[in-house]
Amino acid sequence: MQLSILIPVFNEETLVCELLAKVADLRLDDRLSKEIIIVDDGSSDGTFPRIERFIAQRGDPSIRLLAHPANRGKGAAVRTAMSEARGDILIIQDADLEYDPQDINVIVRPILDGHASVVYGSRILMEKALGRSGIFGLITGKHPHSYVLAYLGGVAITRWTNFLCGSRLTDEPTCYKCFHREVLTDLEIECDDFSWEPEITVKILRKGHSIAEVPISYHPRRREDGKKIRWTDGVKALHTIWKYRAD
């Protein structure tokens with residue numbers, strides 16, 4: 001089987017090559033081969049030429065770079081990557097270092113073993129297990145370095161999804177969303193921005209698929225380090241869940 005690792009990128013010149021090296025060097029389960037599809041979403045810094053140099057130095061034909069001439073949003077970049085993916089299994093990887101590519105093997109395994117067709121990596125499950133914030137961490141699952149509003153927004157989005165869709169997710173807004181290709185058949189992503197995430201979650205649940213979760217590590221960064229998501233994206237996500245819950 002083949003795994004397609006889809007990497008949307010926007011203005012990540014300082015981190016993208018380090019992330020790409022981790023993904024390229026990742027040793028997968030022996031049952032899997034790998035392709036890496038990078039979509040530069042109209043970066044205005046040095047991201048695109050740095051990726052070009054990285055690919056040229058690697059000389060690996062399994063790494064492909066696509067580009068949008070202007071910034072269109074993460075959802076649009078993911079849609080472009082999915083349209084080019086050849087793998088039996090697809091997983092999203094952010095271009096920063098908040099998520100560790102070593103967790104990809106853990107996320108993919110339930111699909112490989114035939115136990116699930118969709119798997120999300122849950123930061124909440126890991127933080128609860130580790131209790132990184134003391135007694136309150138065991139209750140909330142909040143990473144001690146993550147923004148309080150970002151954490152609360154993620155909780156609200158997850159609980160709103162569960163309420164409207166009858167699911168039992170712990171971390172809907174996670175980057176690590178992994179799908180067997182058959183799940184994506186006849187499933188169209190319409191949202192161009194971060195709202196693509198709740199959109200695809202709701203559509204998958206409405207098709208009758210369950211979503212498994214596995215614990216993953218998480219290393220949140222600050223706005224001054226390039227974190228892009230804002231509180232307004234959380235509001236849009238809540239509206240998106242409502243919009244697609246009965247379409």
Side-chain angles (χ1 to χ4, degrees), residues 3-10 12 14-29 32 34 36 38 74 78 89-113 115-116 118-159 161 168-179 194 197-198 200-201 211-229 233-234 237:
L3 174 67
S4 297
I5 303 175
L6 314 181
I7 308 178
V9 186
F10 177 64
E12 294 288 358
T14 60
L15 296 176
V16 67
C17 289
E18 183 178 353
L19 180 279
L20 291 177
K22 288 178 179 289
V23 174
D25 292 339
L26 177 65
R27 182 169 181 176
L28 295 176
D29 186 289
L32 281 173
K34 174 174 42 176
I36 301 168
I38 309 155
K74 184 176 180 180
V78 168
I89 303 172
L90 288 70
I91 189 169
I92 314 301
Q93 169 73 60
D94 279 354
D96 53 37
L97 295 174
E98 287 193 327
Y99 294 82
D100 186 350
Q102 289 296 327
D103 285 328
I104 288 176
N105 279 309
V106 177
I107 298 165
V108 172
R109 190 169 298 123
I111 298 179
L112 273 180
D113 292 342
H115 300 316
V118 184
V119 181
Y120 284 10
S122 173
R123 299 163 292 180
I124 301 298
L125 289 179
M126 178 63 80
E127 297 306 325
K128 283 184 176 180
L130 295 175
R132 284 179 174 167
S133 298
I135 184 93
F136 293 106
L138 291 172
I139 297 170
T140 65
K142 177 189 174 298
H143 190 287
H145 298 151
S146 66
Y147 288 110
V148 172
L149 285 180
Y151 167 74
L152 293 176
V155 170
I157 291 166
T158 301
R159 292 189 176 180
T161 301
R168 300 182 66 181
L169 298 173
T170 64
D171 191 5
E172 192 290 321
T174 180
C175 153
Y176 274 143
K177 292 176 166 63
C178 187
F179 318 94
F194 289 110
E197 305 211 34
I200 199 168
T201 298
I211 299 174
E213 291 183 300
V214 296
I216 58 165
S217 56
Y218 181 53
H219 309 282
R221 60 177 178 167
R222 297 286 179 171
R223 292 188 183 93
E224 56 266 27
D225 299 321
K227 191 174 185 68
K228 298 178 178 67
I229 198 162
D233 295 303

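FYI, side chains are in, hydrogens and waters are out, and symmetry mates aren't considered; it's all heavy atoms of this structure.
Taking S4 as the reference, E35 meet the side-chain hydrogen bond (donor to acceptor under 3.5 Å, both in side chains) condition, with sequence neighbours excluded. F179 meets the ring pair (Phe, Tyr, Trp, His ring centres under 6.0 Å) test with no other residue; sequence neighbours excluded. Every residue meeting the side-chain hydrogen bond (donor to acceptor under 3.5 Å, both in side chains) condition with S122, not counting sequence neighbours, appears here in chain and number order: T170. For E197, the salt bridge (Lys or Arg N to Asp or Glu O under 4.0 Å) criterion is met by K74, K177, not counting sequence neighbours.
Side-chain contact between C178 and V118 is absent, with no heavy atoms from C-beta onward closer than 4.5 Å. Within the 4.5 Å cutoff, the side chain of I38 has heavy atoms near those of the L20 side chain. Counting heavy atoms from C-beta outward, N105 and I107 have side chains that stay 4.5 Å or more apart. Here the side chains of Y99 and R123 are in contact, with some heavy-atom distance below 4.5 Å.
Partner of I7 under the side-chain contact (heavy atoms from CB on, under 4.5 Å) criterion, chosen from V16, I92, L19: L19.
Counted by atom type alone, D171 and T158 present zero donor-acceptor pairs between their side chains at under 3.5 Å.
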(request) Take V119 and I91 through the side chain to side chain contact (heavy atoms under 4.5 Å, CB included) test and state the conclusion after the steps. (result) CA-CA 9 Å; V119 181; I91 189 169; over 6 Å; no

(request) Start with the C-alpha distance between K34 and L26, add both sets of side-chain angles, then the distance that settles side chain to side chain contact (heavy atoms under 4.5 Å, CB included), and finish with yes or no. (result) CA-CA 9 Å; K34 174 174 42 176; L26 177 65; 4.0 Å; yes

(request) Start with the C-alpha gap between Y120 and E172, add the side-chain angles, then the distance that decides, and say whether side-chain hydrogen bond (donor to acceptor under 3.5 Å, both in side chains) holds. (result) CA-CA 8 Å; Y120 284 10; E172 192 290 321; 4.8 Å; no

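In this structure, CG on L15 lies 5.0 Å from CG on L97, to the nearest 0.5 angstrom. Taken to the nearest 0.5 Å, the CG atom of L90 stands 10.5 Å off from the CD1 atom of I5.
Among pairs with a residue in residues 15-29, those fulfilling salt bridge (Lys or Arg N to Asp or Glu O under 4.0 Å) read D25-R58, D29-R31, at least two apart in sequence or across chains.
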